[in-house]
*Asks:* 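Below: one structure in structure tokens.
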Amino acid sequence: MTIRAVVTGVGHYLPARVVENAEFEKTLDTSDEWIRTRTGIERRHFAEEGETTSMMGTAAAKAALADAGVDASEIDAVIVATSTPDLTFPSVATMIQKELGMSCGFAFDVQAVCAGFIYALSNANAQIVSGQVKKVLVIGAETFSRIMDWTDRSTCVLFGDGAGALVLEAQEGKGTPEDRGILSVDLNSDGNYKDMLYVDGGVSTTGTAGKLRMQGNALFRQAVQKLASTAETAIGKAGLTTQDIDWIVPHQANIRIIEGTAKRLGHAMDQVVVTVQDHGNTSAASIPLAMSVGKERGQIKTGDICVAEAIGGGLAWGAIVIRW
Ligand code: UT7
């Protein structure tokens, strides 16, 4: 008998404030046309003043619990992927645990920037298959609008805020790719690429939160190659081939990266869940947001095999294969 971590619920939250590309034309030397053609982004959501990562994560978690038909009191662990926590500590996860009315289980944050949700899912999967926990909430939540340099047109038009969440439950499987649940994971990082994407502040350096800095073009070239490679590795570890994949659920950074990766994997764009036009890059929230929207649209259905892949600061990157 094999234990599998099966997705039983998914949900998301987006802040009410929608900012169209044209808004940036008022303050920056940019255009809707440049942003659309170079990134695929048309609009993004920004949190209101006072609206925090934990608030958005709580809303997404409640939606996922409702979708799963699971009460918060049944959850053994809450894992949050974020690089934009409310406070340096305690973790966003413990704040969400409180908001959900939980007084049991354990909660902690994972920080792997845009790859954070893959890392968090990997951790949840390991805890489930080792028998440590049975029901886990895995949340990606970000307020990247708080670390933007609004004078830097090469970064501030790219990012957005939001949250997505999955409920994972231990279920018995046969140990074959026919099983529902997480079938494989591939994680990678290389600290030599630090300067390609980082935030120029922090607790032990400046004592401030800092602003995001990115060598976009250099990162672009790394992204397609590394994302296709990690996806192929994860698919192979699952005992599958790229032909077996029903849906690619990519990190939503740039439509050109998404298209390039799909092409390398031999998939047409009608097998890719794309939300970048409406959300921009929401970092660790981007994959669970895409999963939730993809299910809502009727794209991802029970039994479908999905590969999710992401890359971000570190560099850190990875992929996960899930039979939904
Ligand atoms: O989530 C983590 C992963 N993130 C990524 O993977 C992001 C990867 N990078 C990218 O998506 C793209 O590199 C960007 C969208 C960031 C930039 O697109 P690009 O095609 O690589 O453009 P570029 O950086 O080579 O810049 C081309 C030109 C430059 O002008 P010059 O030097 O040719 O005169 C930029 O200054 O575009 C200019 N530019 C802009 N122009 C209008 C940069 N940002 C803007 C802008 N509006 N917002």
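These numbers come from the heavy atoms of this one structure, side chains and all, not from hydrogens, waters or symmetry mates. Counting convention: from 1, in listed order, for ligands and their atoms alike. Computed from a predicted structure; not experimentally measured. One is the number of the first residue; the rest follow in order along the sequence.
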*Asks:* Step by step, work out the salt bridge (charged side-chain N to carboxylate O under 4.0 Å, His left out) result for K295 and D67.
*Replies:* CA-CA 11 Å; K295 189 190 164 196; D67 188 45; 2.9 Å; yes
*Asks:* List by chain and number: which residues place a heavy atom under 4.0 Å from ligand 1?
*Replies:*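 If the criterion is a heavy atom under 4.0 Å, then ligand 1 touches D29, T30, W34, R38, T39, C114, R153, S154, V157, L158, L197, M214, G216, N217, L219, F220, H251, A253, N254, R256, I257, N281, I311.
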*Asks:* Would you indicate whether the side-chain heavy atoms of Q252 and N281 approach each other to under 4.5 Å?
*Replies:*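 No, too far: nothing below the 4.5 Å cut-off.
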*Asks:* Between CG of L219 and CD1 of I311, what distance do you get to the nearest 0.5 Å?
*Replies:*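 Taking CG in L219 and CD1 in I311, the distance rounds to 6.0 Å.
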*Asks:* Among side-chain atoms of S54 and D86, is any donor-acceptor pair under 3.5 angstrom?
*Replies:*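 There is such a pair between these side chains.
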*Asks:* Mind checking side-chain hydrogen bond (donor to acceptor under 3.5 Å, both in side chains) for T2 and listing every partner two or more places apart, or none if nothing turns up?
*Replies:*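 Here no residue qualifies.
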*Asks:* Strictly below 4.0 Å, N to O, side chains only: are E33 and R36 in salt-bridge contact?
*Replies:*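 The answer is no: the pair does not qualify as a salt bridge.
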